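Below: the structure, in structure tokens.
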Protein chains: 2
Amino acid sequence: MTGLRANNLPSAHECLAQRFKTWSSGEFDLTLCPVRGILDRLGDKWTTLIVIVLAQRPHRFSEIGRAIPDISKRMLTQTLRDLERDGMITRRVFPTKPPSVEYGLTELGESLLEPLAHLVTWAENSQPKIATARSAFDAAETSPS
Amino acid sequence: MTGLRANNLPSAHECLAQRFKTWSSGEFDLTLCPVRGILDRLGDKWTTLIVIVLAQRPHRFSEIGRAIPDISKRMLTQTLRDLERDGMITRRVFPTKPPSVEYGLTELGESLLEPLAHLVTWAENSQPKIATARSAFDAAETSPS
DNA sequence: CCGGATCCTAGTCGATACTG
DNA sequence: CAGTATCGACTAGGATCCGG
């Protein structure tokens with residue numbers, strides 16, 4: 001009864017519902033769910049942007065900074081280290097003078113691109129609707145009656 | 001040369017690369033990119049969880065709270081209002097006594113489920129790899145030489 | 001039962017200055 | 001060039017009290 005339809009595109013509904021039931025059944029604690037940690041990472045201000053930049057080709061430290069104008073060196077360093085720690089990017093140091101460092105995606109990092117592209121596409125397509133809903137909501141707020 | 005293969009699944013690489021080139025070409029400012037705002041929303045601590053909960057069926061206020069044990073009323077209220085403002089969820093008030101409110105996904109909200117399910121699936125599948133990479137990285141840090 | 005208002009803490013991020 | 005260190009502003013988020 002819980003079988004997903006194999007040939008057809010199963011509704012995202014079912015997919016997520018199944019997953020959620022698994023999570024919330026038994027004593028699986030949502031609080032400790034590792035997926036949450038990962039999603040939090042993706043949600044932070046810079047990770048996704050850096051991944052997208054590196055998706056094109058490996059970049060050097062300052063190159064990334066130029067591609068993302070409003071990131072500070074501090075955040076760039078920190079986010080890169082987090083991504084490296086999670087095995088999403090590689091860090092190659094060339095002992096040239098002055099030294100140069102090149103960052104690139106690992107296989108794991110590249111495997112993120114596909115779901116990420118889906119999400120970005122959705123965001124682009126939905127952006128007008130969201131903007132509309134938002135202004136409608138705000139208008140209703142400011143003129144209640 | 002830049003044509004995407006139409007019949008085959010185009011690599012996420014190309015998809016994102018195209019998108020990024022569009023973004024960074026001309027004077028399109030990444031800072032103002034509306035997609036960033038949307039991704040930030042998804043990344044905050046509670047929105048995704050609430051959307052997943054509501055994906056199963058409409059819920060009442062306290063029901064959501066019980067499904068997500070470690071959320072405070074404050075954050076629940078705030079996140080729900082943000083989602084409502086963005087047109088992702090509906091809010092129906094029943095003038096019963098005591099009053100009850102039911103939240104449910106709109107079409108727009110449901111359209112998010114699919115890309116979200118992709119991402120969650122990816123996160124679950126990649127979680128072991130990430131854990132491995134993380135412990136390897138930490139081990140290398142604590143014993144440098 | 002639903003949620004608004006207020007207070008307060010803890011983490012996050014940016015700017016700046018400094019090292020190798 | 002590629003970071004590290006320190007400080008300070010900002011803000012997300014939890015606790016609590018209150019009203020409908």
Side-chain angles (χ1 to χ4, degrees), chain A residues 30-31 36-37 39-50 53-54 58-85 89-104 137-138 140-142 144-145, chain B residues 29-32 36-50 53-54 58-86 89-104 137 140-141 144-145:
Chain A
L30 260 187
T31 311
R36 268 181 69 170
L39 290 187
D40 281 358
R41 271 294 161 76
L42 297 183
D44 80 26
K45 217 173 174 183
W46 306 112
T47 35
T48 6
L49 283 174
I50 292 180
V53 168
L54 293 182
H59 278 66
R60 293 177 50 189
F61 184 87
S62 300
E63 265 186 311
I64 306 175
R66 280 188 291 275
I68 307 171
D70 56 342
I71 193 175
S72 63
K73 274 190 301 183
R74 179 172 135 74
M75 279 299 101
L76 185 50
T77 304
Q78 182 173 307
T79 310
L80 285 171
R81 288 195 80 82
D82 286 343
L83 285 171
E84 187 193 358
R85 192 174 104 100
I89 64 174
T90 57
R91 178 176 183 271
R92 298 183 56 198
V93 183
F94 298 96
T96 56
K97 178 180 177 303
S100 67
V101 184
E102 190 177 84
Y103 295 91
F137 186 88
D138 292 346
E141 287 294 276
T142 49
S145 67
Chain B
D29 192 356
L30 261 187
T31 310
L32 307 174
R36 267 181 70 172
I38 297 178
L39 290 186
D40 281 358
R41 270 295 163 76
L42 298 182
D44 80 26
K45 214 173 175 181
W46 307 112
T47 35
T48 3
L49 283 174
I50 292 181
V53 169
L54 293 182
H59 278 66
R60 294 180 45 192
F61 184 86
S62 301
E63 265 186 312
I64 307 175
R66 280 188 291 274
I68 309 172
D70 57 341
I71 192 175
S72 64
K73 276 190 302 181
R74 179 175 137 76
M75 279 300 102
L76 185 50
T77 305
Q78 181 173 309
T79 310
L80 285 171
R81 286 194 79 81
D82 285 343
L83 285 171
E84 188 192 358
R85 191 174 104 100
D86 287 351
I89 65 175
T90 58
R91 178 175 184 273
R92 298 183 57 199
V93 183
F94 298 96
T96 57
K97 177 179 178 302
S100 67
V101 185
E102 190 176 85
Y103 296 91
F137 185 88
E141 287 294 277
S145 66

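Reminder, nothing fancy here: chain letters follow the sequence lines and each chain counts from 1. Quick caveat, the model's predicted, so the values are computed rather than measured. Atom set for the values below is all heavy atoms of this structure, side chains included, hydrogens, waters and symmetry mates excluded.
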Whole-Å distance separating the [atom1] atom of [X] from the [atom2] atom of [N]:
X	N	atom1	atom2	value
R81(B)	dA12(D)	CZ	P	17 Å
R91(B)	dG3(C)	CZ	C1'	8 Å
M75(A)	dG3(D)	CE	C1'	14 Å
R92(B)	dC2(C)	CZ	P	15 Å
Q78(A)	dT6(D)	CD	P	15 Å
I68(B)	dG14(D)	CD1	P	12 Å
I71(A)	dC13(C)	CD1	P	10 Å
R41(B)	dT11(D)	CZ	P	14 Å

Would you mind telling me which residue lines up with the more 5' stretch of DNA chain C, K73(A) or P98(A), judged by nearest nucleotide? K73(A)
Under 4.0 Å between a side-chain nitrogen and a carboxylate oxygen: does that hold for R81(B) and D86(B)? no
Electrostatic pair K45(B)-D40(A), nearest N-O below 4.0 angstrom: no
Can you find a side chain N or O atom of [X] that sits less than 4.0 Å from OP1 or OP2 on [N]?
X	N	result
R60(B)	dC1(C)	no
S72(A)	dC13(C)	no
T77(B)	dG3(C)	no

DNA chain D: 5'-proximal contact among R74(A) and Y103(A) (nearest heavy atom): Y103(A)
Working to the nearest 0.5 Å, report the span between CD of E102(A) and CZ of R92(A). 6.0 Å
May I ask you to say what K45(B) touches in the nucleic acid, namely base, sugar-phosphate or nothing, with a heavy-atom cut-off under 4.0 Å? sugar-phosphate
Please report the shortest heavy-atom distance between P58(A) and E63(A), naming the atom on each side. O-OE1, 4.4 Å
T48(B) side chain vs L42(B) backbone, donor-acceptor pair below 3.5 Å: yes
